[in-house]
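Structure record follows, encoded as structure tokens.
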2 protein chains.
Amino acid sequence: MSAFVKMGGMKKRKKADPRARILEVANRLFYAEGVRATGTEKIMAVAEVAKATFYRHFESKDALVLAYLDRSAQAFWDYLMSPTPPGDVHEALIKIDRLANHPDVTGCPFLLIAAEYPDIAHPFHRRAIEQKDKLLAYLIDLLKPFAIDRTVAATKLLTIIDGALSLRTVYGASKEIPLLSSAEALLKSFE
Amino acid sequence: MSAFVKMGGMKKRKKADPRARILEVANRLFYAEGVRATGTEKIMAVAEVAKATFYRHFESKDALVLAYLDRSAQAFWDYLMSPTPPGDVHEALIKIDRLANHPDVTGCPFLLIAAEYPDIAHPFHRRAIEQKDKLLAYLIDLLKPFAIDRTVAATKLLTIIDGALSLRTVYGASKEIPLLSSAEALLKSFE
DNA sequence: ACGAAGGCAGACATGTCTGTCTATATTGCT
DNA sequence: AGCAATATAGACAGACATGTCTGCCTTCGT
């Protein structure tokens with residue numbers, strides 16, 4: 001019965017574990033308003049978390065930003081590979097186009113962080129490079145069937161992907177960008 | 001004659017007029033390190049300008065940022081249109097490719113500012129939208145010879161241009177991006 | 001030569017940000 | 001029930017940012 005009372009019969013449902021709340025809010029605010037523009041105090045206020053609690057879970061704002069970036073990368077690859085990984089480049093591009101033109105998507109977290117921290121030696125910026133390198137490698141792999149310079153070809157595809165995401169940032173989620181159609185034209189030129 | 005004596009100067013070679021110095025330094029620092037990351041005091045220190053002088057020429061940091069953005073736009077169009085404007089899309093793309101892959105170029109000031117100020121209602125972000133709209137309109141005009149949906153086609157070209165510039169930001173000026181080659185493949189698909 | 005305009009140096013007010021610390025309350029486990 | 005871990009609220013320190021203001025010096029037109 002104590003268990004019953006403890007769980008509070010769920011009165012405490014409104015407050016899940018603080019770390020998750022912090023990450024949730026940080027993700028939303030960093031993405032929507034920018035990392036530099038988002039103060040830790042605002043995150044704490046929105047997440048309804050005390051300062052000491054925040055610093056118990058994250059050593060610093062920098063640590064939180066890194067966690068946010070890792071979480072974003074995770075979410076991207078989860079989306080791309082689930083429920084089943086793309087069978088070829090075309091399928092991958094379809095999925096990426098759908099993601100880039102999703103109403104909630106207003107850019108790529110890694111392009112955004114690279115713009116906010118232009119120094120390529122900065123840890124945040126490094127995460128962006130790593131992420132793009134990873135995607136590039138994946139595209140190169142998918143281009144195996146093509147008898148071309150796959151590195152150059154993948155770079156071109158990445159250019160289109162990142163161009164589309166950049167335009168989503170500039171114009172907002174309202175304007176759709178013909179990512180897939182552009183990429184298909186490129187693919188045709190590879191044959 | 002007074003005009004002669006007046007202009008005659010030039011002795012002040014070591015310190016040009018303060019406004020120009022401020023803009024010069026602001027341009028360099030905003031572009032290389034980001035707008036939010038660059039404090040006005042640093043700009044004054046590097047430009048060797050006193051605080052009062054700074055505020056005599058610019059009402060606020062915001063005013064300076066706007067001046068920086070306008071200057072960037074001006075520089076872009078000057079580059080594109082001089083000494084002679086491109087005769088067709090292809091010539092324009094050649095010029096833009098050369099610009100985007102220039103060793104000093106690590107991105108587009110407008111994509112960068114849009115990333116730093118994601119709110120599309122913010123005056124800085126608005127400048128980015130205006131600039132992209134202007135380029136889009138120019139591309140649409142250049143596509144006149146093509147019997148296609150020129151708005152969509154121009155958007156695709158802009159996607160490639162901004163994708164290339166985004167990758168320059170991520171990877172730094174070392175990595176060359178095949179902008180022209182991608183754009184040519186697209187153009188072929190328009191015929 | 002002289003007076004006004006503009007530049008220089010830097011103190012100061014004000015606000016914001018990150019991060020530390022204390023004191024109190026709640027939770028969870030045994 | 002009671003103890004250890006964790007949450008909350010918020011004061012506080014220290015750094016840094018923008019923008020105002022004062023006082024002094026240089027430059028330039030007349």
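Quick note: numbers below take in every heavy atom, side chains included, and nothing from hydrogens, waters or symmetry partners. Just so it is clear: chains get the letters A, B, ... in the order the sequence lines come, proteins before strands, and each one is counted from 1.
- Distance NZ (B/K42) to C1' (D/dA15): 16 Å, rounded to an integer number of Å.
- Annotation: ring-ring contact (aromatic ring centres under 6.0 Å, His included) contacts involving residues 59-92 of chain B, sequence neighbours excluded, comprise B/F30-B/Y68, B/W77-B/Y138.
- B/S189 and A/K188 share no side-chain donor-acceptor pair at under 3.5 Å.
- Atom CE of B/M44 is separated from atom P of C/dG6 by 19 Å (rounded to the nearest Å).
- For the pair A/E41 CD and D/dG14 C1', the computed distance is 14 Å after rounding to whole Å.
- With sequence neighbours left out, B/E91 forms a salt bridge (charged side-chain N to carboxylate O under 4.0 Å, His left out) with no residue at all.
- C/dC8 atom P lies 9 Å from atom CD1 of B/I22, rounded to whole Å.
- Here A/D141 pairs with A/K144 under the salt bridge (charged side-chain N to carboxylate O under 4.0 Å, His left out) rule; sequence neighbours left out.
- Partners of A/R71 under the salt bridge (charged side-chain N to carboxylate O under 4.0 Å, His left out) rule, at least two apart in sequence or in another chain, are A/E24.
- Among residues two or more places apart in sequence or in another chain, the salt bridge (charged side-chain N to carboxylate O under 4.0 Å, His left out) test is passed with B/R127 by B/D70.
- Atom-to-atom, CD of B/E48 to P of C/dC8 comes out at 9 Å; the value is rounded to the nearest Å.
- Residues of residues 50-68 of chain A having a heavy atom closer than 4.0 Å to DNA chain D, listed by number: A/A50, A/K51, A/A52, A/T53, A/R56, A/H57.
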